[in-house]
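Before any comments, here is the structure.
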Protein chains: 2
Amino acid sequence: MEVKLPTFNSVFSIDCVIFGFEAGELKILLIERNEEPFKDWLALPGYIVEQDESIDDAAERILYELTGLRDLHMQQFHTFGEVDRHPQGRVITVAYYALIRINGQKEVKPITQYAKNAFWHPVNDLPKLAFDHTEIFETGFNKIRRRLNYQPIAFELLPEKFTLTQLQSLYEAVLNKKLDKRNFRKKMLSYGFLKELDEKQKGVSYRAAKLYKFDRRKYTKIFQNDLNLDK
Amino acid sequence: MEVKLPTFNSVFSIDCVIFGFEAGELKILLIERNEEPFKDWLALPGYIVEQDESIDDAAERILYELTGLRDLHMQQFHTFGEVDRHPQGRVITVAYYALIRINGQKEVKPITQYAKNAFWHPVNDLPKLAFDHTEIFETGFNKIRRRLNYQPIAFELLPEKFTLTQLQSLYEAVLNKKLDKRNFRKKMLSYGFLKELDEKQKGVSYRAAKLYKFDRRKYTKIFQNDLNLDK
DNA sequence: AATATACTGTGTCAAATTTACACCATTAAA
DNA sequence: TTTAATGGTGTAAATTTGACACAGTATATT
C-alpha cells in the first residue's frame, strides 16, 4: 500500500487447513457451518480478521474459536482473492496450515456458535466443501507435501515418542506412495536428529518397536545454514 | 470467511518484487514515491486493490500503472498483515514477484502520478525502503532462490536466446555463489529442455558462444508428473 | 602477419547418494 | 507350541555429484 488510505475496501478472513494423523491416515479438521451462506455445509475452520490483530494472531484466535485448538504452529501458505469466491461480497482470505497430534489432544469442539461442530475427516475422501475450500485444501496439501522434504513437519503430526514405522507410514500417507523400509530408516537415522529412547512401544500384540524422539536442537544445528524456510 | 458479511474491515493492497537481470547483476524495480506517507522514499511498486478485481488482476494492473510493465507472469508469494505495517491504518498487502528480461524491454516509467519514477536497482546494494518493503523484498528473494531449483524461472530473466555462460552467471547471481562450469553445463544439458541453436553470440570481441533456447514444451513434458508447483 | 586477450567448450575419476532387494527375530495371542 | 504380525537389519549396483585444467577460437592490437 502506497498512498493515503481510502476507506476500507474489503473483508478479510482466515481459513485453516489443520492436518492430523491418526490410525495411519492423514486427516483434516472440518466444521459444520451454522450460518448462511452455506449453512449446514462442511467447511474449513475460518473467520473474519479483526482490525487490531495481525493475520498470524487472527489465525490462532479463529482456529481456537472454531475448534478449541490452541498454540499450534500455524503457517500461512496462500491468499485467495477471486472476486466471486464469496457469494455475499468481496472477501479475501489468507489460508494457513498447521499440523497436530490428534491423539493426546482433547476433543475438538467449537467455542462460538458459528460452527455446529468440528471433527476430523480423512483427506482421501473429502466431501464437497463450502466456498472455494476444496481448492484451498488442495493447495495446502500440495504445500505440505513439498515441505515434508525440507522441513521437520512430520514430527508435529506424530506423538512425541514414535516408532520408525509410524514415521514411515506418515510419509507414505502424505506423499501417497510406498517407501522402502530399509532405505527409509537408513536415511532418517543418517540425519542424526532422531534420538533413540530406552523405551519400547506398548500395547501391541507383536514385537514392540523402539521409540524415538525428534531432537529439534540437533535439527536446527544441522540445518542452520540453510535458507530461511519460513514464509 | 464464514458468515454474513460485516462492513469492510481493512484496506487491501499489492506489492511487487520485480526481478531483472542485466550486466551479470540481479536487480529489482523500485519506485520513488510521490505521496505521503513516505513521500520521496524508495519503495516497491504497490497499490490498493479495487473491489471488482481479483488480486492476481490487481497485481498486473498495479505494476503496469506504476512502472509501465505489462503481461509479466506474476506469482504471489506471501501476505503481510502486521497491524502496524502502515502508519496510517490497517493495510494488509499481498506480495507478488515476477521475473523479466531487462534488455529488450522499453524503459520503465510510471503511468500514474503516485510514483515519480521507476528504475532498476541491484539487489546487493538496496537502500532503506518505505514501510516493511525491505522485509518483503527479502522474503521474495528467498522464495525465488529456492524456486530456482525446481521451477524454470531463470529463463524468464534471460533473453530468449542465451549462452550457457549467461545462464550460469544468473544462477550465480541468485544463489550468490560460484558454480563449476563443466558441472553446470553437464547438468543443465542433461535435463533435455535446452535447445541448441545454429546461431552464435554476436558483438563480442572473443570467440562467440553458442546460443540456446528454453524449450517450455519439453520442460512441461519432463516435469508433468511433479507436484503442482503453482501457489 | 604475428601476438595478446578473453572467453568457449570439453572428460575423467573419486566420492557420495540412491535404489533395489529378503529373511530371521521377537512378541503376544491362539 | 504354533501362528500372526511386525521389527530390525546389510550389501551391491547404479546414479549423481563434485573436483579439477587446458587447448581452441574469435577479435583486437601491434
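Residue numbers begin at 1 in each chain, while the letters A, B, ... track the order of the sequences.
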Please determine if B:K210 and B:D198 form a salt bridge, counting it only when a charged side-chain N lies under 4.0 Å from a carboxylate O.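 Looking at B:D198 together with B:K210, the answer is no, because their closest N to O distance does not fall below 4.0 Å.
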
Give me the ring orientation class for A:F137 and A:F19: parallel if the planes are under 30° apart, tilted from 30 to 60°, perpendicular past 60°.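 Tilted.
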
On the ring face of B:Y97, is B:R147 found with NZ or CZ under 6.0 Å from the centre and within 45° of the axis?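 No, B:R147 does not sit over the ring of B:Y97.
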
Spacing of [X] atom [atom1] relative to [N] atom [atom2], expressed in whole Å:
X      : N     : atom1 : atom2 : answer
B:F162 : C:dC7 : CZ    : P     : 20 Å
B:M188 : C:dT8 : CE    : P     : 16 Å
B:F184 : C:dG9 : CZ    : P     : 13 Å

Spell out protein contact along nucleotides 6-16 of chain D as letters: B when the base is contacted, S when just the sugar-phosphate is, - when no protein heavy atom is under 4.0 Å; keep the 5' to 3' order. SBBBBB-----

B:R185 versus B:S190, side-chain donor and acceptor atoms under 3.5 Å: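 No donor-acceptor contact under 3.5 Å links the two side chains.
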
When you check the side-chain N and O atoms of A:H78 and B:Q76, is any donor under 3.5 Å from an acceptor?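 Note: A:H78 and B:Q76 side chains meet the donor-acceptor criterion.
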
